[in-house]
Structure formats: structure tokens, C-alpha cells
Amino acid sequence: MKLNLTAKILIGLVLGMITGLVLNVWAPDLFGTLDTYLFNPLGQIFLGLINMLVVPIVFFSLVLGVAGLGDTKKLGRMGVKTIATFLTTTAIAITIGLLLASAIQPGSNAPLSQEDRDSASYEAEETPSVGETLLDIIPSNPIQALAEGNMLQIIAFSIFIGIALTVLGEKTKGIYKLVEQGNEIFMYLVGLVMKFAPYGTFGLIASALGEAGFESLQSILMYVVVVLLALVIHAIVTYGSIIAFLAKKNPIWFFKGFAPAMTVGFSTSSSNATLPISMETAQKNLNVSKPASSFVQPLGATINMDGTAIMQGVATIFIAQVYGIELTFIQLVTVVLTAVLASIGTAGVPGVGLILLALVLNQVGLPVAGIGLILGIDRLLDMCRTAINISGDAAVALYISESEKKRKIKQQRGEA
Ligand code: ASP
């Protein structure tokens, strides 16, 4: 049954790709009609269904996870370990992007005309500063945080409720039970929504590829190749090491088990929207403990975006090369720091990588208009980096889960 669904999603993905590209090349008019009445509605229904579950899943499972830890010390330990691992993997990711782009030089021989360069433009959006984000973590109105889906605030609020439930114990048994049952309900709904995933995936991919097609690729092919290569290297080397050496599991088993969530991440381009599915997949297929999954993955969807960091590294070098600007070592370090810190406050939703990139370019004085050069292809790369982003969250969740399990066994042995 499980394998069946994975296979079905993959079929949806491949069929969607073929349909989108074929229509883009041979029947753009037909694509327009089909997109309006079939692909787009299918995709939007699927997105709506999973988006509906994000906030309640994060709230219920995190409250339950924290309350289930039994003591607040454990929470602190897990928190420090998780955030330290997130920041380290993101720094590694962007460094891989910078190194690979410096070595391959995708922007030096790009067949971009002067006209391309002159006509490139991009309007940067405002991003909150790191200080603002940190101060903003405690919600002054938790209901508003839930209503707006402000992930960091929801996480903070849920942790507080979880701590209270732990400390009050017997007194709040009823609410604990309620949260437990709420969690059951939403986990069941995720399973139900997943049944629609093959069709939703088909619709989303056909719609995206039908629109973007191959054309947007040509002039910046090398840029795309370098980003994809860096994503693959990061998945194999960085996540492979976390899984093999820290979690002591087989990386192939990990990627096989997590594949259904990766395909959904790919088709939705949103770590946030994929959250219910990536949590369920990690818990069911990778045996990640519920507390670890419900603590690490929602946090990761917001603050750990390695695929996005890779794109920023490669894009910064690419744009510098296209405009013939040499970056100094200090500027490169600034890129790493800005990208890592900026990713903390931005939620994993489609296209957020470009906004972060504008921030990074600004910081090192590169022309933000350069983003215009890579805009056309970004939709497709966004899909790939989102699949990597959520894999990173799952790899860290597995590591935290395994290390907590080991600690427990050791403690029990010590007590015996
Ligand atoms: N779409 C990505 C995510 O949700 C973020 C980005 O790179 O734009 O993880």
C-alpha cells in the first residue's frame, strides 16, 4: 500500500513533466485551456488540502511532543543541538555553492548579451532583520499567530503550552488527552490527503512546466547545472554523513523512505505546505520519534533551507561574474553569514529564495537587478531546492531522534 502510493506519486510527477513540456512546445494554446480547467485546479485543490493541515498539525504535534518529553531539560538540549546542526548544514550548503560556482564559473562564459544584462530588473522586497525576527518570536497575540500561520511564533507558543502541560501533569490531564486526540485527527487527515497527492502532483508539475518550458533554460544552462550539482553533492555528502555517521543509518534507506515527501516538496515548492506530509513520512518510514519530528521539522521548515542557501551561493557568484565584478574573501564570508542569518526569519514558501538573494546581493553591493537574469528559471530550481530543504530537516530530525533514543538506553543501563 505504502509503496503503491510512492509509485503513484512518482508516476504523477513524470506524467506531469511530460504533459507540461509537450504542451509547452507543441500546443501552447491547448495548454492555456487545460491549465485553467484541469492542471491548475488539481494543483490548487491539493495545495489547499495540505495547507489546511499545516497550522493544526504543527500546533498539536509540537504541544504533544514537548509535553511528551517529560522534562524541560531535554527540550533545551534538543533545541541547542537542532539549531546548531541547522546553522552548520546551511553554512556548509552555501559554501558548497560558492566553491562550485567559483570553480565552474557559470557566469564567465554565459551567452548573455549586453542587452540581457541591461534589461535585467528585479524589485527587491523588504525582509525583516535578524534582530526583529528574534524579538518577534514571542507572539503578543497567539490567536493571530495561528491565524496568520506565523511559524516561529506558533512554535514558541506551542512550546510554552507543552511546558505547562508537563509541569502541571495530572491537573491538566484532560487537555493533554484533547491534544493527543487532536493530533490523531490531523495525522489521519494527512493520510487521507496523501491519497490525492498523485493527482495534485500531476497538476502542479504540468502547470509549472507548461508555463516555463525549456526556453527559459538556454542562456543560463550552466547556472542551472551548477545549482543542481551542488544540491546533489550536498544531499549525498552532507546529509549522507549526518545519516551514516551521526544517526548511524543507511543513507539509501533514508532517501528511499523519504522519497514520497520529496516529490510533494518538489511539486509544491513549499517546505511549509509539505510539512504535514514530511512529518508523517519521517515518522512512519524513517521511525523518527514523534517528539523529534514535531520539534525539528516545523522549525526546519522555517529556519533550515539548505537548498535555498546553495542557490544563493551560486547565484551570487554567477551574477558577480556576469557583471564582471570580483568578490573579495571578506565579501564571500559576508555572503555566508547573511544567507545563514537571513534564512532564519523567512518561511519556506515558494519563491522566498529570491527575496533572500536580494538581501545577500545588497549586503555585498552587487546589482539586485541581476536577479532578473535568473528569474525565468527560478520556478524550476525552486522545486528542486525545496525537495532538498525538507530532506535536510528530515535528516536532522532522524539524527536528533536517534541520539535521544541512544541517550535513553544509556541512562536506563546506568540506572539498572
Ligand atoms: N520554496 C523554498 C521552500 O519552501 C524556499 C525557496 O528557496 O524559495 O523551502
Side-chain angles (χ1 to χ4, degrees), residues 2 4-24 31 34-54 57 189-214 216-217 224 227-228 231-232 235 255-282 285 297 301 305 307-308 311 347-354 377-394:
K2 195 177 69 199
N4 237 341
L5 182 64
T6 309
K8 275 192 200 159
I9 300 179
L10 280 174
I11 293 172
L13 190 79
V14 174
L15 279 183
M17 283 181 166
I18 298 173
T19 314
L21 288 176
V22 166
L23 287 175
N24 178 278
F31 167 75
L34 283 175
D35 192 36
T36 313
Y37 295 105
L38 183 67
F39 307 148
N40 194 38
L42 273 181
Q44 292 312 316
I45 290 173
F46 180 52
L47 274 183
L49 285 171
I50 46 180
N51 272 324
M52 167 180 87
L53 303 176
V54 174
I57 286 259
L189 288 180
V190 174
L192 202 64
V193 167
M194 271 304 267
K195 296 205 165 72
F196 188 67
Y199 312 100
T201 306
F202 169 81
L204 287 168
I205 297 291
S207 179
L209 290 197
E211 195 126 323
F214 283 122
S216 47
L217 197 87
V224 175
V227 172
L228 293 181
L231 290 175
V232 172
F255 283 110
K256 249 190 176 159
F258 199 62
M262 287 175 79
T263 47
V264 174
F266 184 82
S267 60
T268 59
S269 291
S270 167
S271 310
N272 261 27
T274 318
L275 203 46
I277 288 160
S278 40
M279 283 168 69
E280 199 208 41
T281 312
N285 296 2
Q297 288 179 287
M305 293 193 262
T308 307
M311 175 280 260
V349 292
V352 82
L354 289 180
I377 198 63
D378 198 68
R379 178 75 182 87
L380 300 187
L381 289 181
D382 196 359
M383 306 200 294
C384 305
R385 60 181 189 252
T386 306
I388 296 298
N389 286 348
I390 61 167
S391 308
D393 304 338

Using the side-chain contact (heavy atoms from CB on, under 4.5 Å) criterion, which residues pair with A261? Sequence neighbours excluded. F258, I277, S278, T281, I390
Tightest non-hydrogen contact, residues M262 and F255, listed as SD-CD2, 4.0 Å
Using 30° and 60° as the class boundaries, would you call the ring planes of F46 and F196 parallel, tilted or perpendicular? tilted
Is a donor on one side and an acceptor on the other found under 3.5 Å between the side chain of S391 and the backbone of A387? yes
First locate atom CD of Q297, then atom CG of L275, and finally report the distance between them rounded to the nearest 0.5 Å. 7.0 Å
If you round to the nearest 0.5 Å, how far is OG1 of T263 from CG of L13? 6.5 Å
Quick one: does M311's side chain get under 4.5 Å of L354's, heavy atoms only? yes
Look up atom CG in L53 and atom CD in E280, then write down how far apart they are to the nearest 0.5 Å. 10.5 Å
Non-hydrogen atoms of R379 and A208 that approach each other most closely: NH2-CB, 3.9 Å
Would you indicate whether the side-chain heavy atoms of I9 and M194 approach each other to under 4.5 Å? yes
Short side-chain to backbone donor-acceptor contact, S207 and L204, under 3.5 Å: no
Decide yes or no for L209 and M383: does some side-chain heavy atom of the first lie under 4.5 Å from some side-chain heavy atom of the second? yes
Check for a donor-acceptor pair, side chain of N389 on one end and backbone N or O of G307 on the other, with a separation under 3.5 Å. yes
Are more than 12 heavy atoms from other residues, nucleotides or ligands located less than 6.0 Å from atom OH of Y199? no
Do D393 and S271 have side-chain atoms, one donor and one acceptor, less than 3.5 Å apart? no
Test of understanding: with salt bridge (Lys or Arg N to Asp or Glu O under 4.0 Å), list the residues that count as partners of D378, not counting sequence neighbours. R385
d(L49 CG, K195 NZ) to nearest 0.5 Å is 13.0 Å
Looking at side-chain heavy atoms only, is the closest gap between T19 and F31 below 4.5 Å? no
Note: P41 and L38 closest approach over all heavy atoms is CD-O, 3.3 Å
In Å, rounded to the nearest 0.5 Å, how long is the span from CG of L42 to CD of Q44? 10.5 Å
Quick check: closest heavy atoms across I388 and A235, and the distance to 0.1 Å? CD1-CB, 3.9 Å
In this structure, CE of M17 is separated from CG of L380 (nearest 0.5 Å) by 8.5 Å
Please determine which of N51, T386, T274 meets the side chain to side chain donor-acceptor pair (under 3.5 Å) test together with T268. T274
Run through T308, L228, L231 and flag the one making a side-chain contact (heavy atoms from CB on, under 4.5 Å) with L381. L228
